[in-house]
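These notes are about the structure you will find just below.
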Amino acid sequence: MIPENEGLLTELPGKVNDLQEDFQETKDKLLETQKLAEDLQKQNEKLLADNVRQSQELSEALISLQEVEKRKIDRNQKIRATFYTGAILLVGYFCSTRILRLILRRRSFDKSKD
């Protein structure tokens with residue numbers, strides 16, 4: 001044998017052991033990474049489901065708020081219509097009593113002339 005290769009042959013079992021240890025460490029890291037990836041995937045799915053649920057809740061809340069706002073606008077329109085109707089009736093009553101008084105005065109004045 002060549003003396004240069006003798007050193008390689010004596011070091012070979014140590015290198016094989018080092019390679020096996022490195023392989024085992026890499027394999028362990030791979031398994032750990034795969035487990036971490038699975039955990040992240042599960043967490044992502046959970047967050048996505050929570051996001052969908054919250055989106056639905058927000059949509060329902062928005063619809064509810066829109067309905068409340070519509071009822072508020074409708075109620076305000078009814079109040080406004082009632083107010084204007086009352087004001088018109090009051091002005092109409094005032095005007096009609098004034099006109100009636102003028103008509104009655106004119107008639108009484110016409111009768112007193114005769």
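The basis for the numbers below is simple: all heavy atoms, side chains too, and nothing from hydrogens, waters or symmetry mates. Note that the numbering runs from 1 along the sequence shown for the chain.
- Note that CD of Glu38 and OG1 of Thr33 are 11.0 Å apart. Values are rounded to the nearest 0.5 Å.
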For residues 41-49, which side-chain N or O atoms pair as donor and acceptor with protein atoms under 3.5 Å away, sequence neighbours left out?
unit_1: Gln41; atom_1: NE2; unit_2: Glu45; atom_2: OE2; d: 3.3

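- The other residues sharing a hydrophobic cluster with Leu100 are Leu104, where clustering joins ILVMFWY side chains under 4.5 Å apart.
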Got a list of side-chain donor-acceptor pairs under 3.5 Å for residues 72-89, not counting sequence neighbours?
unit_1: Asp74; atom_1: OD2; unit_2: Lys70; atom_2: NZ; d: 3.3
unit_1: Asn76; atom_1: ND2; unit_2: Lys72; atom_2: O; d: 3.4
unit_1: Thr82; atom_1: OG1; unit_2: Lys78; atom_2: O; d: 2.8
unit_1: Thr85; atom_1: OG1; unit_2: Ala81; atom_2: O; d: 2.7

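- Separation of atoms OG (Ser96) and CZ (Phe94) is listed at 10.0 Å; rounding is to 0.5 Å.
- Applying the salt bridge (Lys or Arg N to Asp or Glu O under 4.0 Å) test to pairs two or more places apart or on separate chains, those with a residue in residues 55-66 are Arg53-Glu57.
- Leu65 shares a hydrophobic cluster with no other residue; no ILVMFWY side chain has heavy atoms under 4.5 Å from its own.
- Through direct or relayed side-chain contacts under 4.5 Å between Ile, Leu, Val, Met, Phe, Trp and Tyr, Leu40 connects to Leu36.
- Residues meeting the side chain to side chain contact (heavy atoms under 4.5 Å, CB included) test with Gln54, sequence neighbours left out: none.
- Although no hydrogens or angles enter the test, the distance criterion places no donor-acceptor pair under 3.5 Å between the side chain of Ser55 and the main chain of Asn51.
- For residues 87-105, there are no salt bridge (Lys or Arg N to Asp or Glu O under 4.0 Å) pairs, not counting sequence neighbours.
- In this view, Ile103 and Ile99, Arg107 satisfy the side chain to side chain contact (heavy atoms under 4.5 Å, CB included) rule, not counting sequence neighbours.
- Among residues two or more places apart in sequence or in another chain, the side-chain hydrogen bond (donor to acceptor under 3.5 Å, both in side chains) test is passed with Gln24 by Asp28.
- Applying the salt bridge (Lys or Arg N to Asp or Glu O under 4.0 Å) criterion to Asp39, with sequence neighbours excluded, gives Lys35.
- Under the side chain to side chain contact (heavy atoms under 4.5 Å, CB included) criterion, Glu25 pairs with Asp22, not counting sequence neighbours.
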